[in-house]
Peer 1: 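My structure is below; once you've seen it, I'll send some questions.
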There are 2 protein chains.
Amino acid sequence: MLDRRTEILMAATRVIARRGVRGLRVGELATEAAVSTALIYYHFTDRAGLLRETLAFISDRADRYTAERDPGAHPGGPRAELEQVLMLELQDTADVRENSTAWGELRATAVFEPGLREDLAKVTHTWVYEIADLLARARPDGTAPAHAAAAERLTALVEGLSTRWLSGSLPLDHARQLVRGAIDTELGGSGAVG
Amino acid sequence: MLDRRTEILMAATRVIARRGVRGLRVGELATEAAVSTALIYYHFTDRAGLLRETLAFISDRADRYTAERDPGAHPGGPRAELEQVLMLELQDTADVRENSTAWGELRATAVFEPGLREDLAKVTHTWVYEIADLLARARPDGTAPAHAAAAERLTALVEGLSTRWLSGSLPLDHARQLVRGAIDTELGGSGAVG
DNA sequence: GTCTATAATACGATAGAC
DNA sequence: GTCTATCGTATTATAGAC
């Protein structure tokens, strides 16, 4: 059985997925969690603190996506592992939708709130580094700077596509296909225009 | 001489660039535009209407970036033109910063407000189509679907990089370098990992 | 068309009972 | 720990003078 505090954090994640970080109202969260607003202020100092803890909660959950994998031991080899890791952000399950939405919100909010930037940079760096590592294993002949640049491009692409998906301008299947094409292209495969 | 209405729209663009769509307060806009809040409600029905018109205003201005160019008559050929058009979103001038910030906000807001999605899809489609056309001119040997996919990847990449730039996680020069690398890679040049 | 003044309400946050 | 009730303020929106 989960404690109330965790229930509130999960409810906050759902509300953020529905209304955005900046659209979260403490009153609406109370309704979603089926508690009073006073209880929220009992468990969290204020709205800002609640938001901080919720974003940490979401990050942890996202970390677990990847942390639970067994790195390097992927059956399909590094190429398949690379594709799988990049596709983690592009799946239509409640969990991933919630996480991707919150993540996009975090990025969008950081444009106007410098206080969020540090957390953001840290998590982004971890992700980029992981992708660069997989690229290095998929193409051991490439240079480290080339792998780093390709990893930055692939992750930024996934973020861009994720926003388009969530904002309804791009079907999920199409977004996934574009990522596959980008992997092909970056690995020097047959994906390029010519 | 501009009329008050247009002055308010320009002021709204500045406020959105500073605070975000959801951070825009009618009172702050009034101060920025040096008018009363009542005047804003005289010229626009309500906050939502003001926002709609401001976002249309921003879209029009962004269209003009590219519409005013002389398509096909670029001195450096289609490859240079392609690079230039993609780089339009990644420049540290007040205008571009305002537009890119507002554009990112429009996308981020559309995730939670379906009413904005139609406008968004239209402008995105125009942009993607323009890039696909330039790719076709740069590589006439490629197929139309390949050009379309590459255009979607390049524009989504620019959006992702733009958000990273504006949220302070990526220096502008680096973002621009990554776009150049992506163009090389998509055109089958020497940019790939291997 | 533009202002000052103010109504109406939404929202974050707290007091105090249980 | 959890609730009901409420306060204070920020914000949207309007009334009415000029």
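So you know, we letter chains A, B, ... as the sequences are listed, proteins then strands, and number each from 1. Remember, it's a predicted structure, so these values are computed and weren't measured experimentally.
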Peer 1: Verify whether one side chain among A/Arg164 and B/Thr155 offers a donor that lies under 3.5 Å from an acceptor in the other.
Peer 2: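 Their side chains do contain a donor-acceptor pair, which is all the 3.5 Å distance test asks for.
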
Peer 1: Among residues at least two apart in sequence or on other chains, which ones pass side-chain contact (heavy atoms from CB on, under 4.5 Å) with A/Asn99?
Peer 2: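 Here the qualifying residues are A/Ile58, A/Arg61, A/Ala62, A/Tyr65.
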
Peer 1: Send over the distance from B/His43 NE2 to C/dC3 C1', rounded to a whole Å.
Peer 2: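 Rounded to the whole Å, the gap is 12 Å.
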
Peer 1: Quickly work out the B/Ile40 CD1 to C/dG1 C1' distance and round it to whole Å.
Peer 2: 14 Å

Peer 1: What is the distance from CG of B/Leu39 to P of C/dG1, rounded to the nearest Å?
Peer 2: 10 Å

Peer 1: Between D/dT2, C/dT4, C/dG1, which nucleotide gets closest to the side-chain atoms of A/Ser36?
Peer 2: D/dT2

Peer 1: With side-chain contact (heavy atoms from CB on, under 4.5 Å) as the test, pick out the partner of A/Trp103 among A/Leu166, A/Val123, A/Thr163.
Peer 2: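 The passing option is A/Val123.
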
Peer 1: Taking the basic N atoms (NZ, or NE/NH1/NH2) and the acidic carboxylate oxygens, is any pair closer than 4.0 Å for B/Asp184 and B/Arg79?
Peer 2: yes

Peer 1: Would you call B/Glu98 and B/Arg14 a salt bridge, taking side-chain N to carboxylate O under 4.0 Å as the test?
Peer 2: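 Judged by the 4.0 Å cut-off on N to carboxylate O distance, B/Glu98 and B/Arg14 do not form a salt bridge.
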
Peer 1: Rounded to the nearest angstrom, tell me the gap between atom CZ in A/Arg4 and atom C1' in D/dG1.
Peer 2: 9 Å

Peer 1: Run the salt-bridge test on A/Arg139 and A/Asp141 with the 4.0 Å N-O cut-off and return the result as yes or no.
Peer 2: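 Counted as a salt bridge, because a side-chain N and a carboxylate O are separated by less than 4.0 Å.
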
Peer 1: In whole Å, I'd like the distance from the CG atom of B/Leu29 to the P atom of D/dA13.
Peer 2: 13 Å

Peer 1: Give the B/S/- string for nucleotides 12-18 of chain C, one per nucleotide from 5' to 3', where a protein heavy atom under 4.0 Å of the base yields B, of only the sugar-phosphate yields S, and otherwise -.
Peer 2: SBBB---

